[in-house]
Amino acid sequence: MNAPYLPLFVALPLVAAGVASLVPGRLLHRSLLLLGPVLTGIGGVWLLSLHLTDMPVAVAQVGGFVPGIAIPFVSDTLTAVMLTVTGLTTAVVLTFAMRTGESSLPYFTPLALILTGGVNGALLTGDLFNLFVFVEVMLLPSYALLAMTGTWRRLGVGRLFLTVNLVTSAIFLIGIGLLYAAAGAVNTAALAGVAGEDPRVALGASVILLALLIKAAAVPVHGWLPRAYPGTSAAIMALFAGLHSKVALYAIYRIYTVVYDATSTYLPILLTIALASILVGSWASFGGDTIRRVLAFQMVAGVGYILLGVALSTAAALAAGLFYMVHHILTVGALILASGAIERTYGSGNLTRLANLLRRERGLAWIFGLALLSLVGFPPSSGFWGKVSLVMAATQSDAVVATVVIAVIIGASIISLLALQHLWREVFWGPPMELYRPADPLIHEGDPNRPVHLPEWVRIPRGDLVPAATMLGLSLAMFLAAGPLFDIAGEAIAGILDPTAYIEAVFP
Amino acid sequence: MIIALTIGVLVAGGTYLLMHRSLIRIAFGVGVLSHAVNLFILTAGVPVYRDEPIGDEMTASIAADPLPQAFVLTAIVITLALTVFLLAMAVIGRNDNTHRIPETGEEHDR
């Protein structure tokens, strides 16, 4: 049960960040940048194999204090799944950042490594205040990364992102204060099931959940995400899409199942939020003027699908939501990276400025098309099983809820399909593209805003598409290996639905 | 009662300042709001005066609850760092909420 190595998931990236900010050297920075997330991913796989065989929960009581006073790092199956997925996603996205040259920006390496450390900490911590601290550790480098890359709009959206997150942090802290005043503890294991016994605890935890919902960008508190994320560069957006909102959703999963004991008392509220997110996100996708803005609205819809698991809060629904979360990280990541590859070569992600890419870019069209199918939920992709399992989980609840949920899932999928068809038609079909905005100063003659004639030989370099293809390949692999993966998801959900092993591990 | 009123006034003032367009005022608003939150967390312990909770020198019955104080200390550090960053953002693009491209000394594209 005791696993004193768990803090290394946080300590090693932070130490590496310190080294990287002091020692220059391209090779060193690149290897640190890859080693951090890759080691996280490998550590996640290793923890996962450990949890699935003989040790369901691993605990490190930091500082050697007695249990209950020490701030524990806890890893169970859910944590290990998330560590694996976020670690590998970060590694793939960072290879794209190396291709685009963003990784050579000053302090990029330390910032990305601090981000990795913060994400790992937020996933591993067994204490709600520590969760707040690690979310801040994760967000601090994000503010700098957002302000560093992308177009000049990033400064405006950086203000928005920063202000929203600061106010959200204040709300989070109010929740912590309420929770501590009512329950006298902020340790997740000590809080197991108390929200059902004491409404004051339920109030405190609900304020924390509100803060997490804002960070996850669920409707009606989603407005910042589709404005902020497309303003930054594709690599950074992919990084944020895979990490930030998903860490918040992970925390919602854990808090709702453990502290609220997955009660169905709040089903109407949660269901409204989830279904509104699905509908608003899908519908708003019509309005996006750039590829990545459409994708940002699809992310809001994805948050809704993932929250459906919490709203229905049965074992099947939670497992389906977890599967959907992993699918969503991979698919949206693939699409954002592919969009980044387009922007890098053709100088714009604007739907009206791109056309007829199907003729020019076969490989890209395959990647983009399959990933869009995955996003809508067609086979052969992970999105298909994600949506099928959510629908199947919904049929287990009572008739009215099941009808509404299934109707919304199908309706929203059709809306998404139409919106994404619009995207496909604008970008991949249409008359041959004649003008583009190259990044090469020899071609655009000093004015990057001036569109120039698009020569026939211009193609996206293969290497730019490799990260997107990797993410998509993982999504397709999820389609084939859905059975075993659902077993793991079920195992992870069983661990948080019945936290006995978790509590026994934290308080031996 | 006084603490509750103080928190209320601070939250109201912070919210008012957050409603402004100017980022400097937003920064002040965040500062005021975070003070309110810090006071709020302190009241989660025992709000009346207690003795310092240091090691073995103090019996638990008259010592203050150290946990909310530790929370507040952490929160103050984080808020300070973020306020500094917010002020830096305010300096970089003085008017970028009015469609003027800020002068960052780089080429702006698309």
Side-chain angles (χ1 to χ4, degrees), chain A residues 69 71 128-130 132-133 135-137 139-140 143-144 146-147 150-167 169-186 204 290 343 347-350 353 437 439 441 444 446-451, chain B residues 7 11 14-15 18 21-23 26-27 29-47 65-68 70-72 74-79 81-83 85-104 106-110:
Chain A
I69 291 182
I71 302 169
L128 291 182
F129 187 76
N130 227 18
F132 163 76
V133 173
V135 167
E136 292 304 318
V137 170
L139 285 170
L140 268 166
Y143 302 135
L146 188 79
T151 62
W152 63 268
R153 285 187 197 88
R154 72 190 190 273
L155 293 174
V157 301
R159 296 166 153 209
L160 173 74
F161 186 66
L162 185 56
T163 314
V164 167
N165 275 303
L166 275 171
V167 176
S169 300
I171 297 174
F172 201 126
L173 278 174
I174 291 175
I176 301 254
L178 284 171
L179 196 60
Y180 185 72
V186 286
T290 65
E343 281 166 47
S348 175
N350 199 313
R353 292 181 186 168
R437 290 163 178 74
H444 67 58
D447 181 8
N449 275 320
R450 195 171 64 87
Chain B
I7 295 171
V11 169
T15 314
L18 277 174
R21 283 184 84 86
S22 153
L23 198 59
I26 291 178
V30 167
V32 172
L33 194 63
S34 73
H35 281 312
V37 172
N38 290 343
L39 267 179
F40 185 84
I41 297 178
L42 274 186
T43 58
V46 182
D65 187 348
L67 204 52
F71 289 171
V72 168
T74 317
I76 287 175
V77 174
I78 292 173
T79 319
L82 290 179
T83 311
F85 193 76
L86 201 57
L87 290 173
M89 294 288 275
V91 172
I92 291 173
R94 275 187 298 278
N95 265 331
D96 58 7
N97 52 10
T98 54
H99 289 286
R100 192 186 66 87
I101 298 179
E103 287 150 16
T104 52
E106 59 189 288
E107 289 183 353
H108 307 292
D109 57 346
R110 4 205 201 259

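Throughout, a chain's letter reflects where its sequence line sits, starting with A, and its residues are numbered from 1.
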Please state whether the side chain, the backbone, both or neither of [X] comes within less than 4.5 Å of a heavy atom of chain B.
X       : value
V137(A) : neither
L173(A) : both
I174(A) : both
F129(A) : side chain
L178(A) : both

Review point. With a 4.5 angstrom heavy-atom cut-off, which part of L42(B) approaches chain A: side chain, backbone, both or neither?
Key: neither
Practice item. Using non-hydrogen atoms and a 4.5 Å limit, figure out which bit of L86(B) sits close to chain A: side chain, backbone, both or neither. Key: both
Exercise for review: Look at V30(B), N38(B), T83(B), T79(B) and state which one has the largest set of heavy-atom pairs under 4.5 Å with chain A.
Suggested key: V30(B)
Study note, to complete from the structure: Pair count under 4.5 Å, heavy atoms only, with chain A: among I26(B), T15(B), L18(B), L67(B), highest is L67(B)
Shortest non-hydrogen contact between [X] and [Y], atoms and distance:
X       : Y       : result
M89(B)  : R159(A) : CE-N, 3.5 Å
I41(B)  : G177(A) : CG1-CA, 4.3 Å
A170(A) : L33(B)  : CB-CD2, 4.0 Å
P68(B)  : Y180(A) : CG-CE2, 3.6 Å

Practice item. Evaluate the side-chain proximity of F71(B) to V186(A): yes if any heavy-atom separation is below 4.5 Å, no if none is. Key: yes
Revision key, fill the gap. Partner of L82(B) under side chain to side chain contact (heavy atoms under 4.5 Å, CB included), picked from T163(A), L140(A), L139(A), is L140(A)
